[in-house]
Amino acid sequence: MNALRLQPPPLLFLLILVGLMAHRADARYLEGLNMNLGEALQFLREHDREGSTVCNKVMTAQWNFATNITDVNRRKMLEEQTVKLKFERASWRKTVSFAWSRIADPYARRQLKMIAVKGRNSLTDDKFNEMHHLIMEMKELYNRVKLCPYRKIGAACDLTFETDVAKIMSQSRDYDELLHYWQAWHEAVGPPLKNKYVRYVQLANQAAKLSGFADAGDQMREIYEDDYVQQNMAEIVSAIMPLYKHLFTFVRSRLMERYGDRIRADGPLPAHVLGNMWAQNWDGIFDLVQPFPGAKKLDVTLDMMIQGFTSLRIFQMAEEFFTSMGMKPMPPEFWRSSVFEKPIDRDIKCSASAWDFCNKMDYRIKQCTKINTEDLISTHHEMAHVQYYLQYKDQPLLFQSEALPGFHEAVSNAIGLSVFTPQHLHRIGLYNNSTDDYESNINFLMLVALQKVAYLPFAYIVDQWRWRVFNNGVADMTTRWWELRLQYQGILPPISRTERDFDPASKYHVPADLPYANYFLSVILQFQLFESLCDISGHTGDLHTCDLYRSREAGRLLSDVLSMGSSTPWPDIIRQMTRGQTNRIDASAMLRYFQPLSRYLKRQNQIEPVIGWLTNHEDTALFAHWYLGNAGNLPTMAILPIVLIVLICLSL
Ligand code: X8Z
Ligand code: ZN
């Protein structure tokens, strides 16, 4: 990456600014003395104009690379990304020369704050470049990993995660084969990344402290504009835990049928048998755990094929979903430039994504659409992202973003909840719901629970772990990871771990420096939003049967909420979304959605010895066998034997 050199010399500049911070008794953020509103507004106007151009160029270069993977396109993309970093760095310097927290205009103040608190711009040029280089190296190391196939001596070791390993983790039911891939993956990504990550933590913390934060976790949480975000997240996870434990217990009983005494009747589960490398969602093992194997499935793939669906027709159908609610159609540029099918003449990144080119005209989707149920839902999901872009496009550039982290994803998933119902698929002529019976409803809710309820504890712990590392230091990072995995997910490593391993790096978002708590919130928020939209649409009956199609009322409420972008603090947006009922993020809508499944699980689990999991010493010894320093954090059952051994040793 090119070095980013800017004047004035950063260290001197920073010393002056840090000195200026003392001008306020409660100074928390890095800021200067300039309180001239006219100048601030002028700067924001220029930032808006120049920022839109820079954003357009970088998005175009990224699009060109993602839809035509060549070395030339990669180089152009990296160049534009460097220009963007340079622009952001210069904007940050200008912003912190203002006493922005005392600028009278609340919208200007909010925009300046957005620039001031983001990024690692407080670092010197050398350290800033080192940080970006480190993250790039970690991402490349991660992306380059290839694994050897199971028990194929002499075969090429060329299995990639996306195309091969992810599929095996969800489809294989062979305990040892799954263990092979779990172990190989963690071995390939963990140890090689550890030292780089340690340095990354050091630099991230330095940057945060120079910007006025306690540490890099404190800086990451700033975006929530909520001093109690950690407490709120902990309350949400506690509210979901009883449902999670019932789901866990039911799944464990089915896994015992499959894997016998390798699964303990009252214990945690080994991480590799849940259909996903991180045990983050469990829909891969739906066939093992579906409550009523004979009941009709919500799968319209065959109907789509019989009716001769094309990818274009799927996109037109998705657009009609939004216009039926009185929302915006896709603009001409969308139909001209989107990629709906995998091209045959070039290499392309096939993961579906929605793109905003920051010029109020150009919006696109890239998707290698297949004619099946999954891609029908995915098209609506991606188009909901574009709908959000269209709704907030008239906000200033800095407010052209989600109301709070995770809300973009929540909106798209709420639309998905509506589309993936027998009710909706029937209305669009793809499903005959004459078999709308109890058994298929429970099967359906089980599938959604394996995707969303199972996911929540994982989505919770990733940033919990990261924030603890930023706060407490880099000692025992793997032990800390497994403590959280065990406490919240009831998951154990299938084989012994030590600090030589670095298992958190097995999840891309850790080495890639991407936040994760947004995914946690997106799950909760999608149900809260879905319930509000269903209420206003006049839906009656179980929440999971609600379809928003053709509801002008729901469309109006959703448009109003989306069009605010991030111009308003999120509690106000949640209040508007829930029509005055609350301004908090709240798990109760999600619990209501799963109520019928919850009742079913409770009945099924009556004969189970334990709801949830008990932990013994052997469990914790898998990752903390040598470790006493964290005894206070371990479950009592687990540390008792260690304490006894120590006491016996002392008394000898
Ligand atoms: O990272 C992603 C997307 C990109 S925003 C592929 N997701 C999280 C994950 O894979 O862990 C989507 C769901 C959660
Ligand atoms: Zn999405």
Side-chain angles (χ1 to χ4, degrees), residues 59 62 66 135 138-139 142-143 160-163 165-167 169-170 185 189 271 274-284 318 321-322 338 349-356 363-369 374-392 401-420 448 450-466 481 485 488-489 491 503-527 529-530 562:
M59 294 311 285
Q62 284 175 189
I135 295 168
M138 289 196 285
K139 289 202 286 198
Y142 189 102
N143 286 330
T160 64
F161 191 83
E162 295 295 334
T163 46
V165 182
K167 209 180 292 161
M169 291 308 291
S170 85
W185 179 254
V189 284
L274 285 152
N276 175 277
M277 183 61 81
W278 310 276
Q280 71 176 58
N281 40 47
W282 305 346
D283 48 334
F321 180 87
F322 292 99
S338 288
K349 283 190 186 177
C350 260
S351 51
S353 49
W355 298 64
D356 178 352
Y363 303 90
R364 304 180 199 172
I365 285 176
K366 168 180 70 65
Q367 182 173 270
C368 302
T369 313
E374 195 184 336
D375 282 8
L376 177 71
I377 312 304
S378 164
T379 308
H380 286 76
H381 175 107
E382 296 306 330
M383 203 177 277
H385 283 308
V386 176
Q387 184 66 223
Y388 204 166
Y389 300 148
L390 291 168
Q391 293 287 347
Y392 60 48
S401 63
E402 56 191 345
L404 80 154
F407 203 59
H408 239 295
E409 204 54 17
V411 170
S412 289
N413 285 332
I415 298 301
L417 288 176
S418 171
V419 176
F420 192 48
V448 184
L450 294 173
Q451 291 162 349
K452 305 193 188 224
V453 178
Y455 177 55
L456 268 177
F458 176 78
Y460 179 66
I461 64 156
V462 175
D463 277 353
Q464 286 301 310
W465 173 83
R466 189 162 17 201
W481 174 251
R485 298 267 271 168
Y488 291 98
Q489 286 187 278
I491 297 292
D503 292 336
S506 71
K507 184 69 195 165
Y508 180 71
H509 301 64
V510 170
D513 185 43
L514 293 170
Y516 211 81
N518 45 325
Y519 294 114
F520 173 78
L521 294 179
S522 83
V523 178
I524 303 296
L525 285 164
Q526 71 184 264
F527 289 99
L529 173 61
F530 185 57
L562 302 189

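Counting begins at 1 with the first residue of the sequence. Remember, it's 1-based here, ligands and their atoms both numbered in the order they're listed.
Of the options Phe520, Phe458, Tyr516, Tyr519, the smallest heavy-atom separation from atom 11 (O) of ligand 1 is shown by Tyr516.
Of the protein's heavy atoms, His509 NE2, 2.8 Å lies nearest to atom 1 (O) of ligand 1. Remark: minimum distance from atom 10 (O) of ligand 1 to any protein heavy atom is reached at Lys507 NZ, 3.8 Å.
Backbone and side-chain nitrogen or oxygen atoms of Gln280 are examined, and one is located within less than 3.5 angstrom of a nitrogen or oxygen of ligand 1.
Distance check for atom 6 (C) of ligand 1: every protein heavy atom is found at 4.0 Å or beyond.
Between the NE2 atom of His381 and the NE2 atom of His385, the angle taken at the Zn ion (ligand 2) works out to 100° after rounding to 10°.
The closest approach between Glu409 and ligand 1 stays at or above 4.0 Å for every heavy atom of the residue. Under a 4.0 angstrom heavy-atom cut-off, Tyr455 registers as being in contact with ligand 1.
In terms of distance to the Zn ion (ligand 2), the nearest N, O or S atom of Glu409 is named OE1.
For the side chain to side chain donor-acceptor pair (under 3.5 Å) test, no residue two or more places apart in sequence or in another chain qualifies with Ser170.
Aromatic ring orientation, Tyr388 versus Phe407: perpendicular (interplanar angle above 60°, classes split at 30° and 60°). Relative orientation of the Phe458 and Tyr516 rings is perpendicular, given thresholds of 30° and 60° on the angle between their planes. Using bins of under 30°, 30° to 60° and over 60° for the plane-to-plane angle, the ring pair Trp278/Phe161 lands in the tilted bin. In this pair, Tyr392 and His408 present their aromatic rings perpendicular. The plane angle is above 60°, beyond the 30 to 60° band.
Side-chain contact check for Trp465 versus Val510: some heavy-atom pair is nearer than 4.5 Å.
No side-chain donor from either of Glu162 and Thr160 sits under 3.5 Å from a side-chain acceptor of the other.
In summary, Glu382 places no N/O/S atom under 2.8 Å from the Zn ion (ligand 2), failing the contact criterion.
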